[in-house]
Amino acid sequence: KAPICVVIEDVFVTIVEPLSYVDDSQRLTCRQVSREEFKKMTEGKKARGPYNLFDRILDNLQIEIRSVNISFQTMGKFKTQRPGPWTPPRLSLSLHHFKYRSVNKFGNDANPDECWQHNKNTGRSSDRELLIYKRVSMNISLSFEDNETSILSELVNDAHVNVQIIFNKKVSNGAILGIQLDAAMDAVEINIEQDT
């Protein structure tokens, strides 16, 4: 009856631009395929089974992370690790109190029975579809750090973000038929300082 909740304390991610240039022949590419080509590519592959217990566990999974800290550093136009006036500032993004949880159709926290109550319709199981409601909430901070002076300039400080997500899934094969996202950000304060 209770959802599975995964609690993580802190996550640190550092993204650094590579110094070497990737040749065109080594880059990952994607191409657009027609419907007929896609059918040929997937022909003979085993179809996914119907919606099952594993899917139900994943759909009831809740995740809470105290803080996610992501920093991105580009090397600038000279592509050198030696810092100087040519080095762009480091960008830091912090997500505090990140929560991914199941909610009822009104967007409120609820137990799994209430979250799944709207899916108890009658009908042929081959035609049945499920609606799964989730909410992601977090506080976002965005800042820049000057490489020469190590001064941290906050652009956004603790802006609260709520994202409501609806997954539409087919019962016969567990396929996701659609996803709807609604995002709201409360009281955003952007700090822009100008040197005089």
Side-chain angles (χ1 to χ4, degrees), residues 1-15 30 38 42 47-72 90-144 152-192:
K1 294 284 184 183
I4 296 171
C5 188
V6 177
V7 179
I8 301 171
E9 288 293 317
D10 298 307
V11 176
F12 295 94
V13 178
T14 302
I15 304 168
C30 63
F38 182 73
T42 56
R48 189 183 183 287
Y51 190 84
N52 56 36
L53 179 63
F54 182 70
D55 293 317
R56 180 74 182 244
I57 290 170
L58 282 180
D59 288 337
N60 279 320
L61 187 67
Q62 299 188 8
I63 300 171
E64 294 184 14
I65 305 174
R66 187 175 69 177
S67 71
V68 178
N69 300 290
I70 303 167
S71 67
F72 173 70
R90 177 187 311 272
L91 174 67
S92 296
L93 176 68
S94 297
L95 311 175
H96 299 286
H97 309 295
F98 177 92
K99 293 180 181 177
Y100 174 79
R101 17 187 64 222
S102 299
V103 292
N104 61 19
K105 63 182 179 180
F106 303 109
N108 300 322
D109 288 337
N111 64 39
D113 287 338
E114 292 174 15
C115 292
W116 286 84
Q117 186 174 9
H118 60 276
N119 286 319
K120 294 183 178 171
N121 58 358
T122 56
R124 295 185 318 178
S125 61
S126 61
D127 295 336
R128 279 196 59 214
E129 295 177 7
L130 300 173
L131 290 176
I132 298 151
Y133 297 91
K134 294 286 188 177
R135 183 176 67 216
V136 176
S137 62
M138 69 194 96
N139 293 339
I140 294 180
S141 296
L142 180 64
S143 59
F144 295 94
L152 193 67
S153 301
E154 284 191 333
L155 187 61
V156 177
N157 186 18
D158 267 348
H160 186 70
V161 177
N162 257 326
V163 181
Q164 301 284 346
I165 307 169
I166 304 172
F167 295 98
N168 185 6
K169 289 189 171 184
K170 194 163 182 70
V171 173
S172 61
N173 59 6
I176 296 176
L177 302 175
I179 299 174
Q180 179 179 335
L181 297 170
D182 294 318
M185 189 178 270
D186 305 332
V188 180
E189 185 177 316
I190 298 175
N191 305 313
I192 300 175

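Hydrogens, waters and symmetry mates play no part in the numbers below; they use all other heavy atoms, side chains included.
- For the pair V136 and V161, the minimum side-chain heavy-atom distance is 4.5 Å or more.
- A 6.0 Å sphere centred on CZ of F106 holds no more than 12 heavy atoms belonging to other residues, nucleotides or ligands.
- In this structure, the side-chain contact (heavy atoms from CB on, under 4.5 Å) partners of H97, at least two apart in sequence or on a different chain, are N139.
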query = side-chain contact (heavy atoms from CB on, under 4.5 Å) between Q62 and K99: does it pass, once the steps are laid out?
reply = CA-CA 8 Å; Q62 299 188 8; K99 293 180 181 177; over 6 Å; no
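- For the side chain to side chain contact (heavy atoms under 4.5 Å, CB included) with R135, the lone residue among I165, D182, V163, V103 that qualifies is V103.
- Put simply, CG on N162 and OG on S137 are 5.5 Å apart, with the number rounded to the nearest 0.5 Å.
- Atom CE in M138 sits 13.0 Å away from atom OG in S67 (nearest 0.5 Å).
- Separating the CG atom in D158 from the CG atom in D186 is a distance of 12.5 Å, to the nearest 0.5 Å.
- Here CZ of F167 is found 12.5 Å from CG of L130. Values are rounded to the nearest 0.5 Å.
- Salt bridge annotation for K169-D59: present, with a cationic side-chain nitrogen under 4.0 angstrom from a carboxylate oxygen.
- Contacts of N104 classified as side-chain hydrogen bond (donor to acceptor under 3.5 Å, both in side chains), with partners at least two apart in sequence or in another chain: none.
- Between Q164 and Q180 there is no side-chain heavy-atom pair separated by less than 4.5 Å.
- Partners of F98 according to the ring-ring contact (aromatic ring centres under 6.0 Å, His included) rule, which considers only residues two or more places apart in sequence or in another chain, do not exist here.
- The minimum heavy-atom distance between Y51 and K170, with the atom names listed, is CB-O, 4.4 Å.
- Not counting sequence neighbours, S143 has no partner by the side-chain hydrogen bond (donor to acceptor under 3.5 Å, both in side chains) test.
- With sequence neighbours excluded, the residues forming a salt bridge (charged side-chain N to carboxylate O under 4.0 Å, His left out) with R66 are E9, D10, listed by chain and number.
- No hydrogens or angles considered: a donor-acceptor pair under 3.5 Å links the side chains of N60 and W116.
- Remark: I70 pairs with V13, I15, V68, L93 by the side-chain contact (heavy atoms from CB on, under 4.5 Å) rule, at least two apart or across chains.
- Looking only at side-chain heavy atoms (C-beta outward), K134 and I132 come within less than 4.5 Å of each other.
- Residues L95 and I65 are not in side-chain contact: their nearest non-hydrogen atoms beyond the backbone lie 4.5 Å or more apart.
- Note that OG of S92 and CG of L155 are 11.5 Å apart. Values are rounded to the nearest 0.5 Å.
- Here the straight-line distance linking atom CG of N168 with atom CD of E129 works out to 4.5 Å at 0.5 Å rounding.
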